[in-house]
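Heads up, the thing below is written out as structure tokens.
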2 protein chains.
Amino acid sequence: MSNSPTDPGSARGGRPTSSDVAQRAGVSRTAVSFAYNDPAKISTATRDRIMAAADELGYTPDPLARMLKHRKTGTLGLLLPQDIAQVMQNPYYAQFITGIGHVCEREGMTLLLCPPLRNSMLKAIPYAAVDGFIVTGLEADRGEVAELRRRKIPFVLVDSEPVTDVPSVEADDDKGGYDLVRHILELGHTRIAFLIFESGPDQPNLGYRGPLKRRFAGAERALAEQDLSLTSAGVVTVEAPCTRSGGYTATLDLMAGQAPPTAIVAFSDIMAVGALDALKSLNLPVPAAVSVVGYDDQPEAEWTQPRLTTIRQPIEAKGRLAGDFLVAAIRGESQHPRQLLHGALVVRDSSGQAPPT
Amino acid sequence: MSNSPTDPGSARGGRPTSSDVAQRAGVSRTAVSFAYNDPAKISTATRDRIMAAADELGYTPDPLARMLKHRKTGTLGLLLPQDIAQVMQNPYYAQFITGIGHVCEREGMTLLLCPPLRNSMLKAIPYAAVDGFIVTGLEADRGEVAELRRRKIPFVLVDSEPVTDVPSVEADDDKGGYDLVRHILELGHTRIAFLIFESGPDQPNLGYRGPLKRRFAGAERALAEQDLSLTSAGVVTVEAPCTRSGGYTATLDLMAGQAPPTAIVAFSDIMAVGALDALKSLNLPVPAAVSVVGYDDQPEAEWTQPRLTTIRQPIEAKGRLAGDFLVAAIRGESQHPRQLLHGALVVRDSSGQAPPT
DNA sequence: CTGAAAGCGCTTACAG
DNA sequence: CTGAAAGCGCTTACAG
């Protein structure tokens, strides 16, 4: 109605379009577009007139229309396995996103956080206006990955099983788990508790997956060398939320049991810090009575009392590489780069000889 | 070329469009659209045929085109005053984003992180495909806010000066600063060091702004009640990066000076924790020799040794409210809601009587 | 139940 | 230096 040929929109309630500006400035829409994108193509006078009109009308080119035309959005998508709130609570993700952030800065791009939609990562994919996805916490055989493949949209896999036909960034979690447990075993411990983070409601009872699965695989190898296993007497595994208080509570429970562990292997620094808190509150000296080790080497690990033995993992580098690979894939530059990131055992003061029995 | 009327795109290198699917299924583009958006309008047989064709072609509706047509993106924009990497390092933002995340989950929306583009927040605005912005760390008189107003795009201001014609979420930082300093003064301290975070390169030498400015205003009121001021002998202010090690290093410097402070007022918990570290390494008992107080009441504050006296600030609630206000504004529901969030002094163990002189 | 047509707001060869 | 036209890929009244 108000959209008749004679009134191309200026009377509508909505925001002004390039037609409105063109009309007001007495030029074509082409000229308006040039004023913003290629000022050399029009005279200065025309440009000034257009900009003045745009200013009066409160016009700015619609980013959506621009993106549709250019077939690019200038944004990287991060497909998340959990809600934004949960992710932000996890220092691991904060570091990972920091790494991606460096790439965004360099490329002048924005970052879209894409949490599951109605509990489904799959459903979140088609609604994201991005040039490509970074996918974390997903095995390559999941439906989401197949969907991404099918849509031929650039993406990179982080922390999945090794795959060869997709850009991917992996960490040697198997080796990390092995090194950590071997260190503990060399100190003479045999009563060992594994303190792990809950897998999340998304994938219940599927057994451990992803990095956790690989860390356990490494742990089992180390145990096997001493004729032990995850099911040996004295070896236990407890799950808790991936937070400091999660580690605290779980450790309190653990130490209240009979034949409590002499070593606690937490697969997350933040949980290890909680374990340290619990042992302090129980007046159990670390590492004299109980050893505690973590995973990730978060900054906190250096500040705890005693300082935490842990596996250093280059989380930020992981994010940065994932971003680099994605940008390359978007540009069609690289084929299927893969990078395996190495961790390292960092021995500090929280692990020591097993107490005599 | 390959785009001739007889070949609507299926032979192109790019992704398939609804035309390709329509052609393959022998229906119109309308039918394809209905298959996705309103299946009741076509027969089951037709729908199946369409979906099969879509599957073979790897088709999914282009989110950009959809958004352009619907005039909504389903994403909230967070306009950041710093790069993503810096923001993610700051636990304040992690909590704030957590709050927004709850809203995203409830609404099924995504969150776009919009860092400055070429060092300019202003330049970042026109490139963001969002339904509205949450703007943090900006005074209402800044150009960015004027630009947002001009474009008539929904937005909410967080931690700005009070404004009435825009949805906003504020915290009573003035009262926080007052309460904190009054607490310290009541304990008899007169040699006081303020430990504050650097303002960032974006706004150099403009004096303190935003929450920092208001906290200082409150602090000055409290000082004035004791005939002191920020420039009194014994009262100093030092700036450092808003990190644990920033607080650590600054405190070491502070205590090495002559007439070192007996109270350290950090306007950030994370810096206060660093101060605690430094005092421990100097063997200065807290609070017997030196009192330390923080701001924010991050989870860490309860875990430090000794536990930290601080101002509790509902950061997550701040994010949640900002999200709620923005969603309401996008829907055109609310006018200009404002919410002032209250903090509270939480006295724990890190503050005590000033040592006798 | 299905299709031709207009339109979301922009950009970019192309012709003048 | 400027403008008419086609097109990015979709959706949605409208007419059948």
Side-chain angles (χ1 to χ4, degrees), chain A residues 1-5 7-10 12-23 25-50 54 57 59-74 126-127 129 131 151 153, chain B residues 1-5 7-10 12-23 25-50 54 57 59-73 126-127 129 151 153:
Chain A
M1 181 129 306
S2 64
N3 250 330
S4 69
D7 172 11
S10 57
R12 281 172 314 164
R15 289 202 279 282
T17 72
S18 65
S19 292
D20 301 319
V21 177
Q23 188 176 286
V27 297
S28 72
R29 281 152 67 217
T30 306
V32 176
S33 179
F34 283 160
Y36 282 90
N37 304 308
D38 207 348
K41 289 197 171 167
I42 55 176
S43 65
T44 318
T46 309
R47 173 158 203 261
D48 290 348
R49 207 144 35 89
I50 291 172
L57 259 26
Y59 170 79
T60 324
D62 185 322
L64 235 31
R66 223 171 192 166
M67 290 172 181
L68 179 60
K69 191 67 201 169
H70 287 145
R71 304 272 63 215
K72 68 185 259 300
T73 61
Y127 289 98
D131 291 334
R151 292 185 55 183
I153 185 168
Chain B
M1 179 128 310
S2 64
N3 250 330
S4 67
D7 173 12
S10 56
R12 280 173 314 167
R15 289 204 279 282
T17 72
S18 65
S19 292
D20 300 319
V21 177
Q23 188 176 288
V27 298
S28 72
R29 279 152 67 219
T30 308
V32 175
S33 180
F34 283 160
Y36 282 89
N37 304 308
D38 208 347
K41 288 195 171 168
I42 55 175
S43 64
T44 318
T46 309
R47 172 158 204 260
D48 290 348
R49 206 142 38 87
I50 291 171
L57 259 28
Y59 170 80
T60 326
D62 185 322
L64 235 33
R66 221 172 193 164
M67 290 172 180
L68 179 61
K69 191 66 200 171
H70 287 147
R71 305 272 62 216
K72 66 186 262 297
T73 61
Y127 290 97
R151 292 185 55 185
I153 186 168

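A note on names: the letters A, B, ... follow the listed sequences, proteins ahead of strands, and every chain is numbered from 1.
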Using a heavy-atom cut-off of under 4.0 Å over every strand shown, decide if [X] touches base, sugar-phosphate, or nothing.
X: L68(A); value: base
X: D38(A); value: nothing
X: A45(A); value: nothing

Given pairs defined as Watson-Crick or G-U wobble with both distances under 3.5 Å, what dot-bracket annotation applies to DNA chain D, with ( ) intrastrand, [ ] crossing, | other strand and . unpaired?
|||.||||||||.|||
Phosphate OP1/OP2 of [N] contacted by [X] side-chain N/O (<4.0 Å):
X: R71(B); N: dG9(C); result: yes
X: T46(B); N: dT2(C); result: yes
X: T17(A); N: dC8(C); result: no

Rounded to the nearest angstrom, tell me the gap between atom NE2 in H70(A) and atom P in dT11(C).
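So the two atoms are 6 Å apart, to the nearest Å.
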Length of the line joining F34(B):CZ and dA4(C):C1', which is rounded to integer Å:
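Atom CZ in F34(B) sits about 12 Å away from atom C1' in dA4(C).
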Counting distance alone, no hydrogens or angles: does the base of dG7(D) have a donor or acceptor under 3.5 Å from a partner atom on the side chain of K69(A)?
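Looking at the base of dG7(D), it does pair with a donor or acceptor on the side chain of K69(A) (distance under 3.5 Å).
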Return yes if the base of dA4(D) and the side-chain atoms of T30(A) contain a donor-acceptor N/O pair under 3.5 Å, otherwise no.
yes
Any side-chain heavy atom of R71(A) sitting closer than 4.5 Å to one from D62(B)?
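Of all side-chain heavy-atom pairs linking D62(B) with R71(A), at least one is under 4.5 Å.
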Criterion side chain to side chain contact (heavy atoms under 4.5 Å, CB included) against V32(B), the qualifying member of D20(B), V21(B), I42(B), T17(B)
V21(B)
Whole-angstrom distance between dG16(D) and dT12(D), as gauged at atom C1':
16 Å
R29(A) side chain: which of dC8(D), dA6(D), dC8(C) is closest?
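Closest nucleotide among those given: dA6(D).
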Does L64(A) or S28(B) map to a spot on DNA chain C nearer the 5' end, using the closest nucleotide for each?
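Going by which nucleotide is closer to the 5' end, it is S28(B).
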With a 6.0 Å cut-off (strictly less than), is the heavy-atom count around OH of Y127(B), excluding the residue itself, greater than 12?
no
